[in-house]
Amino acid sequence: MASTWPVSLEDIRAAARRIAGRVRVTAMAQSVSLSEIAGVPVHLKLEHHQATGSFKLRGATNAVLSLSPAERARGIVAASTGNHGRALAYAAEAEGAVATICMSRLVPENKVSEIRRLGADVRIVGRSQDEAQQEVDRLVREVGLVMVPPFDHPAVVAGQGTLGLEIIGALQQVSTVLVPLSGGGLAAGVAAAIKGVNPKTKVIGLTMERGAAMKASLDAGRPVQVEELPSLADSLGGGIGLDNHVTFAMCRDLLDDVILLSEAEIAAGMRHAYALEREIVEGAAAVGIAALLAGKVRANGPVVAILSGRNVDMEQHRRVINGEMLFAEDGR
């Protein structure tokens with residue numbers, strides 16, 4: 001089946017060579033507290049220490065470097081829930097290109113302002129990722145900008161997969177990898193890398209209960225739309241695209257399970273990361289910790305949880321640490 005995947009292990013290895021020196025090789029640290037809770041060694045992949053604060057820099061850098069000079073000169077555009085836009089703005093600026101980032105009104109202001117600071121043209125459109133994508137499509141059609149999607153693109157998936165190569169390279173005996181799941185770029189890339197080296201390792205996708213587009217699509221057997229709702233894991237929001245070409249099939253074939261987490265469980269993960277691991281992470285990055293704390297993951301060997309990003313609004317983080325419930329569990 002591996003031959004049918006849109007992104008191969010060799011594609012990921014090529015991406016690792018391409019982005020070397022432009023993207024950090026992030027550390028992996030064993031968590032004493034989570035290891036005691038899980039009953040097996042638990043390691044945290046500290047990807048939130050990446051230069052732009054999230055794993056997205058890997059895929060964005062690989063995609064930008066894969067473009068021709070003429071394509072980069074036309075300008076680059078993408079829809080984003082924040083972290084991809086930040087990474088793409090950073091990667092484009094490094095190569096002398098201009099990035100235009102389209103986002104919905106649900107994207108936190110701290111992420112919007114940072115993207116502007118990096119020199120990108122920011123456009124706020126609608127209240128969903130799908131509406132932001134419509135503006136991207138218009139700019140591609142009418143202005144001639146080159147689109148670099150946040151997840152459903154082979155070069156982006158291959159770039160994210162380099163994170164999987166680092167994990168399996170540092171801990172070859174890893175039994176289970178816990179990966180945040182949204183549009184599937186990170187999950188697909190990491191799973192392809194991990195299973196390409198060791199097919200027996202389990203890769204589990206983790207996402208919020210509220211508007212989990214990939215989970216709903218996998219359950220339906222095809223890409224479907226879901227309503228986007230505010231969540232602590234805002235980076236995991238957005239659809240996967242009804243014409244998804246890459247990540248749906250890869251997640252369907254490669255993920256061993258998908259686990260949903262409540263807002264309270266995500267908040268508990270953020271608090272644990274801060275209080276016991278001394279790490280500030282956004283809600284989307286805390287889902288691996290959250291799943292372990294909630295007893296939703298069982299493993300018989302070493303576990304790696306990816307801490308995918310730190311770009312959280314600090315006032316929101318303060319409120320979570322203080323135990324405030326920011327979003328009702330009924331999804332409103």
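In the model, Glu47 has a side-chain atom that pairs as donor or acceptor with a side-chain atom of Thr26 under 3.5 Å. One side chain, Lys111 or Ser235, offers a donor N or O that lies under 3.5 Å from an acceptor on the other. Side-chain atoms of His49 and Glu279 form a donor-acceptor pair, as typed in the model, at a separation below 3.5 Å.
Salt bridge status for Asp313 with Arg319: absent, with no side-chain N to carboxylate O gap under 4.0 Å. Salt bridge status for Glu114 with Arg117: present, with a side-chain N to carboxylate O gap under 4.0 Å.
Atom CZ of Arg222 has 12 or fewer neighbouring heavy atoms from other residues, nucleotides or ligands inside a 6.0 Å radius. Within a 6.0 Å radius of CZ in Phe248, other residues, nucleotides and ligands contribute more than 12 heavy atoms. For Arg116, the CZ atom sits in a packed shell: over 12 heavy atoms of surrounding residues, nucleotides or ligands are nearer than 6.0 Å.
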Residues Glu131, Ser104; criterion side-chain hydrogen bond (donor to acceptor under 3.5 Å, both in side chains); working and verdict: CA-CA 7 Å; Glu131 289 180 277; Ser104 82; over 6 Å; no

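Gln50 is listed as a side-chain neighbour of Arg58, based on a closest heavy-atom distance under 4.5 Å.
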Exercise answer: donor-acceptor pairs, residues 284-308 side-chain atoms, under 3.5 Å, sequence neighbours excluded:
residue: Lys296; atom: NZ; partner: Leu260; partner atom: O; Å: 2.9
residue: Lys296; atom: NZ; partner: Glu265; partner atom: OE1; Å: 2.9
residue: Lys296; atom: NZ; partner: Glu265; partner atom: OE2; Å: 3.3
residue: Asn300; atom: OD1; partner: Ser175; partner atom: OG; Å: 3.2

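Grouping Ile, Leu, Val, Met, Phe, Trp and Tyr residues whose side-chain heavy atoms lie under 4.5 Å apart, directly or via other members, places Leu139 in a hydrophobic cluster with Val77, Val136, Val140, Val143, Leu145, Met147.
For His317, the ring pair (Phe, Tyr, Trp, His ring centres under 6.0 Å) partners are Tyr274, not counting sequence neighbours.
In the hydrophobic cluster analysis, where Ile, Leu, Val, Met, Phe, Trp and Tyr join through side-chain heavy atoms closer than 4.5 angstrom, Val156 is grouped apart from Phe55.
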